Amino acid sequence: PPQYLTLALLTYLIIPGRNVIGRLYVPVLVAATRNLTATDAGKGFVQAAAAAVTLTIVADATENLGDGFVMTIACSNAGGSIVASPAGGVTLTNLGDGTAGAKTITGVGIATLWRLGANSWGIHGSTALA
């Protein structure tokens, strides 16, 4: 009989060693400034408009996004931008050069956000990251 590729098997093949079903990495168009939430984990955010959008990384006291939180943010419009902005008490460090503070993807670029620990985040991405 034919073998069917199930979601559980596909997840196992893509994420070896994990015994849980992973997340689907589905792009979400971002049209407005907002806070990150736990439901954003594993998603890819795309700013496709010629406008500026801010994604605020909230403090653990506001909403603990949890260890292992990872997401990708991208700007696909040369006239647009995405700002990854840490809330008060949150540290966001560019893992490429060690600078801390809000980071902006301008033009066409992409970056990944990682929660490194309590109120500590890292970002790494394209050369359009300032």
Side-chain angles (χ1 to χ4, degrees):
Q3 295 292 317
Y4 295 97
L5 185 60
T6 65
L7 180 58
L9 178 57
L10 181 60
T11 300
Y12 177 77
L13 293 172
I14 293 173
I15 310 171
R18 290 187 62 180
N19 58 3
V20 297
I21 295 175
R23 294 180 173 86
L24 295 176
Y25 295 92
V26 178
V28 176
L29 291 178
V30 179
T33 292
R34 69 183 197 78
N35 292 342
L36 295 182
T37 66
T39 60
D40 296 329
K43 292 183 180 173
F45 280 23
V46 178
Q47 162 57 326
V53 169
T54 298
L55 295 174
T56 300
I57 303 167
V58 297
D60 289 351
T62 301
E63 180 173 4
N64 189 335
L65 299 177
D67 292 336
F69 183 104
V70 175
M71 70 171 299
T72 299
I73 55 178
C75 190
S76 65
N77 186 308
S81 67
I82 298 180
V83 178
S85 180
V90 176
T91 301
L92 176 62
T93 303
N94 183 335
L95 300 176
D97 65 12
T99 59
K103 301 299 173 190
T104 304
I105 298 172
T106 57
V108 178
I110 189 167
T112 301
L113 288 168
W114 287 277
R115 184 178 184 273
L116 303 174
N119 292 312
S120 178
W121 289 76
I123 187 169
H124 190 269
S126 69
T127 55
L129 187 62

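For the numbers below, each heavy atom of this structure counts, side chains included, while hydrogens, waters and symmetry mates do not. These numbers were taken from a predicted model, which means no experiment stands behind them.
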*Asks:* Which heavy-atom pair separates Ser81 from Thr104 by the least distance, and what is that distance?
*Replies:* CB-CG2, 4.0 Å
*Asks:* Could you give the distance from OG1 (Thr106) to CG (Asn77), rounded to the nearest 0.5 Å?
*Replies:* 11.5 Å
*Asks:* Tell me whether Lys103 is salt-bridged to Asp97, with the criterion being a basic N under 4.0 Å from an acidic carboxylate O.
*Replies:* no
*Asks:* Quick one: CH2 on Trp114 to CG on Leu92, what's the gap to the nearest 0.5 Å?
*Replies:* 11.5 Å
*Asks:* Give me the atom names and distance for the closest heavy-atom approach of Ala111 to Ile123.
*Replies:* CB-CG1, 3.8 Å
*Asks:* Would you check if Met71 and Leu65 make a side-chain contact, meaning some heavy-atom pair closer than 4.5 Å?
*Replies:* no
*Asks:* Please tell me whether Thr37 and Thr39 have a donor and an acceptor in their side chains that are separated by less than 3.5 angstrom.
*Replies:* yes
*Asks:* Nearest heavy-atom pair of Val108 and Ala78: which atoms, and what distance?
*Replies:* CG2-N, 4.0 Å
*Asks:* Please report the shortest heavy-atom distance between Cys75 and Ile82, naming the atom on each side.
*Replies:* N-CD1, 4.3 Å
*Asks:* If we ignore hydrogens and angles and just use 3.5 Å, is the side chain of Asn119 paired with the main-chain N or O of Ala59 as donor and acceptor?
*Replies:* no
*Asks:* Is Ile57 close to Phe69 at the side-chain level, that is, under 4.5 Å between some pair of heavy atoms?
*Replies:* no
*Asks:* Between Phe45 and Val83, is there shared hydrophobic-cluster membership here, with clusters defined by ILVMFWY side-chain heavy atoms closer than 4.5 Å?
*Replies:* no
*Asks:* Using atom types as modelled and distance alone, determine if a side-chain donor or acceptor of Glu63 lies under 3.5 Å from a backbone N or O of Val58.
*Replies:* no
*Asks:* First locate atom CD1 of Ile73, then atom CG of Leu36, and finally report the distance between them rounded to the nearest 0.5 Å.
*Replies:* 8.0 Å
*Asks:* Would Leu113 end up clustered with Val90 when hydrophobic side chains under 4.5 Å apart are linked, directly or stepwise?
*Replies:* yes
*Asks:* Counting distance only, does the side-chain N/O of Thr33 pair as donor-acceptor with the main-chain N or O of Thr54 below 3.5 Å?
*Replies:* yes
*Asks:* Can you tell me how far OG1 of Thr93 sits from CH2 of Trp121, rounded to the nearest 0.5 angstrom?
*Replies:* 12.5 Å
*Asks:* Within the 4.5 Å heavy-atom criterion, are Thr56 and Arg34 side-chain neighbours or not?
*Replies:* no
*Asks:* Report yes if some heavy atom in the side chain of Arg115 is under 4.5 Å from a heavy atom in the side chain of Asp60; otherwise report no.
*Replies:* yes
